Protein chains: 4
Amino acid sequence: MYIKLDPQSDFPIYSQLIHQLMEGILKGDLKEGDMLPSVRSLAADLGINMHTVNKSYHELEKRGIIQIVPKSGAVVRLQQAEKESEHYTRLVRELKPVLLEAMTLGMGKAEINSLVELLVKEYKEE
Amino acid sequence: MYIKLDPQSDFPIYSQLIHQLMEGILKGDLKEGDMLPSVRSLAADLGINMHTVNKSYHELEKRGIIQIVPKSGAVVRLQQAEKESEHYTRLVRELKPVLLEAMTLGMGKAEINSLVELLVKEYKEE
Amino acid sequence: MYIKLDPQSDFPIYSQLIHQLMEGILKGDLKEGDMLPSVRSLAADLGINMHTVNKSYHELEKRGIIQIVPKSGAVVRLQQAEKESEHYTRLVRELKPVLLEAMTLGMGKAEINSLVELLVKEYKEE
Amino acid sequence: MYIKLDPQSDFPIYSQLIHQLMEGILKGDLKEGDMLPSVRSLAADLGINMHTVNKSYHELEKRGIIQIVPKSGAVVRLQQAEKESEHYTRLVRELKPVLLEAMTLGMGKAEINSLVELLVKEYKEE
DNA sequence: GTGGTCTAGACCACT
DNA sequence: GTGGTCTAGACCACT
């Protein structure tokens with residue numbers, strides 16, 4: 001799996017890494033149950049600091065996407081966003097303000113739907 | 001227009017104010033071209049700090065929703081999210097990571113679409 | 001005794017196993033003096049790694065709930081939380097921060113008591 | 001407000017700091033709406049690293065106890081553990097295994113209740 | 001060899 | 001002056 005980080009980007013490195021790892025999971029490069037590389041080895045591979053990788057891993061754990069087993073490593077969790085889970089709740093809380101903003105900027109229901117579809121396709125068909 | 005702030009919310013006051021003002025615009029309480037109340041008077045009405053209102057106004061301007069005319073006041077802008085505009089670009093940039101997260105958490109295209117529809121309806125029919 | 005593990009839970013497998021074994025003891029499926037299944041056979045039955053079972057057993061031993069006799073097996077210990085024992089001390093150390101957090105989040109003495117009663121009942125009446 | 005850290009303790013410094021700050025809030029040294037000291041100044045006062053203070057603050061924010069406003073500071077949140085909140089859910093999840101362990105160690109309902117009351121009093125009457 | 005924790009020091013954007 | 005981010009390097013416990 002190829003990870004590309006841009007130190008010049010507006011997005012901090014740890015965000016970019018989160019993003020790339022989520023894409024890796026979506027594309028199937030990382031499957032459920034797979035071990036992620038250790039923070040140290042991934043940091044070395046990417047030429048960044050261990051702590052930066054660590055921050056990304058912990059953020060992904062907070063979002064329910066991976067599970068960190070101390071002293072052992074990190075594993076991709078079985079995914080299924082159950083409606084009652086805290087992760088689903090958080091997701092809705094993140095989605096709401098963005099949709100509100102879209103509507104305030106004048107986008108209609110249809111427009112928003114097609115934008116969402118477009119973006120979703122981007123990931124699925126990559 | 002009635003604005004309700006919850007000091008014990010997870011969201012900071014200025015976010016809540018942004019949210020409420022956007023809803024006001026959506027519902028038509030504030031129409032395009034309308035003047036917003038002055039920073040000072042709104043702060044007094046809501047019993048919050050002037051700087052907090054100021055922060056909300058500037059955030060709304062950055063998002064292309066209102067326009068601040070120095071020494072004069074703030075006006076609701078004509079809303080039209082043109083695909084080339086910076087506001088549309090920013091919106092897409094905000095939407096992308098949330099959708100990516102949804103998919104990584106195991107939500108499918110259909111599920112995401114129905115969630116988006118649900119949330120959009122919540123605002124439109126209020 | 002039936003053990004159910006959920007690989008997609010937020011809790012790691014070894015924690016779930018600890019939990020289930022403790023429930024088994026509470027319900028009386030496993031009585032004091034009973035032998036636990038061997039690490040190997042339980043791992044095979046549950047379709048999980050031997051090391052995972054091992055980790056659960058050692059954690060239960062550290063908590064004074066079972067006793068591991070090398071080369072022989074694991075036995076459910078006589079339960080009695082004496083106030084001077086290290087297990088009682090550890091328990092208090094685990095309980096304290098959770099109660100402190102509850103109070104800091106605004107829960108009163110009565111509320112905490114009723115919550116504790118509720119949760120205790122959940123196990124006893126299962 | 002006096003904060004005492006023990007570098008020799010089993011508990012990491014950031015945990016001790018979390019603990020002390022929660023006690024400070026409980027005792028009323030820090031009231032709702034109060035600003036916490038900046039990460040830098042508190043670190044300097046305590047003779048520890050900025051990052052350690054930072055970690056404590058973020059953990060307290062995750063638990064809903066304080067609110068961090070980037071570039072501005074951290075404030076004690078209005079506390080009230082609503083039953084629907086994610087913080088309440090987390091609390092219950094933390095409390096459950098400890099109670100289960102207590103019962104497995106042979107403590108009865110009455111014993112657990114009196115232990116909880118004892119510990120709660122310790123904080124309230126300090 | 002792993003993640004957990006801690007330190008010291010740096011540059012950044014924004015109030 | 002604030003928190004956000006990043007780096008480099010260290011010791012620890014436990015697998």
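In what follows, every chain begins at residue 1, and chains take the letters A, B, ... in the order their sequences are listed. Given the structure is predicted, the values throughout are model-derived calculations rather than measurements.
In this structure, B:E61 contributes its side chain and B:I68 its backbone to a donor-acceptor pair below 3.5 Å. Judged by distance alone, the side chain of C:S56 and the main-chain N or O of C:Y14 form a donor-acceptor pair under 3.5 Å.
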Under-3.5 Å N/O pairs linking protein and nucleotides 2-9 of chain E:
{"from": "E:dG3", "atom 1": "OP1", "to": "A:V39", "atom 2": "N", "distance (Å)": "3.4"}
{"from": "E:dG3", "atom 1": "OP2", "to": "A:V39", "atom 2": "N", "distance (Å)": "3.1"}
{"from": "E:dG3", "atom 1": "O4'", "to": "A:K71", "atom 2": "N", "distance (Å)": "3.2"}
{"from": "E:dG3", "atom 1": "N7", "to": "A:R40", "atom 2": "NH1", "distance (Å)": "2.6"}
{"from": "E:dG3", "atom 1": "O6", "to": "A:R40", "atom 2": "NH2", "distance (Å)": "3.4"}
{"from": "E:dG3", "atom 1": "N2", "to": "A:K71", "atom 2": "NZ", "distance (Å)": "2.9"}
{"from": "E:dG4", "atom 1": "O6", "to": "A:R40", "atom 2": "NH2", "distance (Å)": "3.4"}
{"from": "E:dT5", "atom 1": "OP1", "to": "D:Y14", "atom 2": "OH", "distance (Å)": "2.7"}
{"from": "E:dT5", "atom 1": "OP2", "to": "D:K55", "atom 2": "NZ", "distance (Å)": "2.9"}
{"from": "E:dC6", "atom 1": "OP1", "to": "D:I13", "atom 2": "N", "distance (Å)": "2.3"}
{"from": "E:dC6", "atom 1": "N4", "to": "A:H51", "atom 2": "NE2", "distance (Å)": "2.8"}
{"from": "E:dT7", "atom 1": "OP2", "to": "D:N49", "atom 2": "N", "distance (Å)": "2.9"}
{"from": "E:dT7", "atom 1": "OP2", "to": "D:T52", "atom 2": "OG1", "distance (Å)": "2.6"}
{"from": "E:dA8", "atom 1": "N7", "to": "D:N49", "atom 2": "ND2", "distance (Å)": "2.8"}
{"from": "E:dA8", "atom 1": "N6", "to": "D:H51", "atom 2": "NE2", "distance (Å)": "3.1"}
{"from": "E:dG9", "atom 1": "O6", "to": "D:H51", "atom 2": "NE2", "distance (Å)": "2.2"}

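Side chains of D:L95 and C:L95 form a contact here, defined as non-hydrogen atoms less than 4.5 Å apart. Looking only at side-chain heavy atoms (C-beta outward), B:H87 and B:R77 come within less than 4.5 Å of each other.
Using a 4.0 Å cut-off between charged nitrogen and carboxylate oxygen, B:E101 and A:R63 count as a salt-bridge pair. Electrostatic pairing of D:E59 and D:K55 does not count as a salt bridge here, judged by no charged N lying under 4.0 Å from a carboxylate O.
Residue pairs meeting the side-chain hydrogen bond (donor to acceptor under 3.5 Å, both in side chains) criterion with at least one member in residues 40-54 of chain A, sequence neighbours excluded, are A:S38-A:S41, A:N54-A:H58.
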Under a cut-off of 3.5 Å for both distances of each Watson-Crick or G-U pair, what dot-bracket string does DNA chain E give, using [ ] for crossing pairs and | for inter-strand pairs?
||||||||||||||.
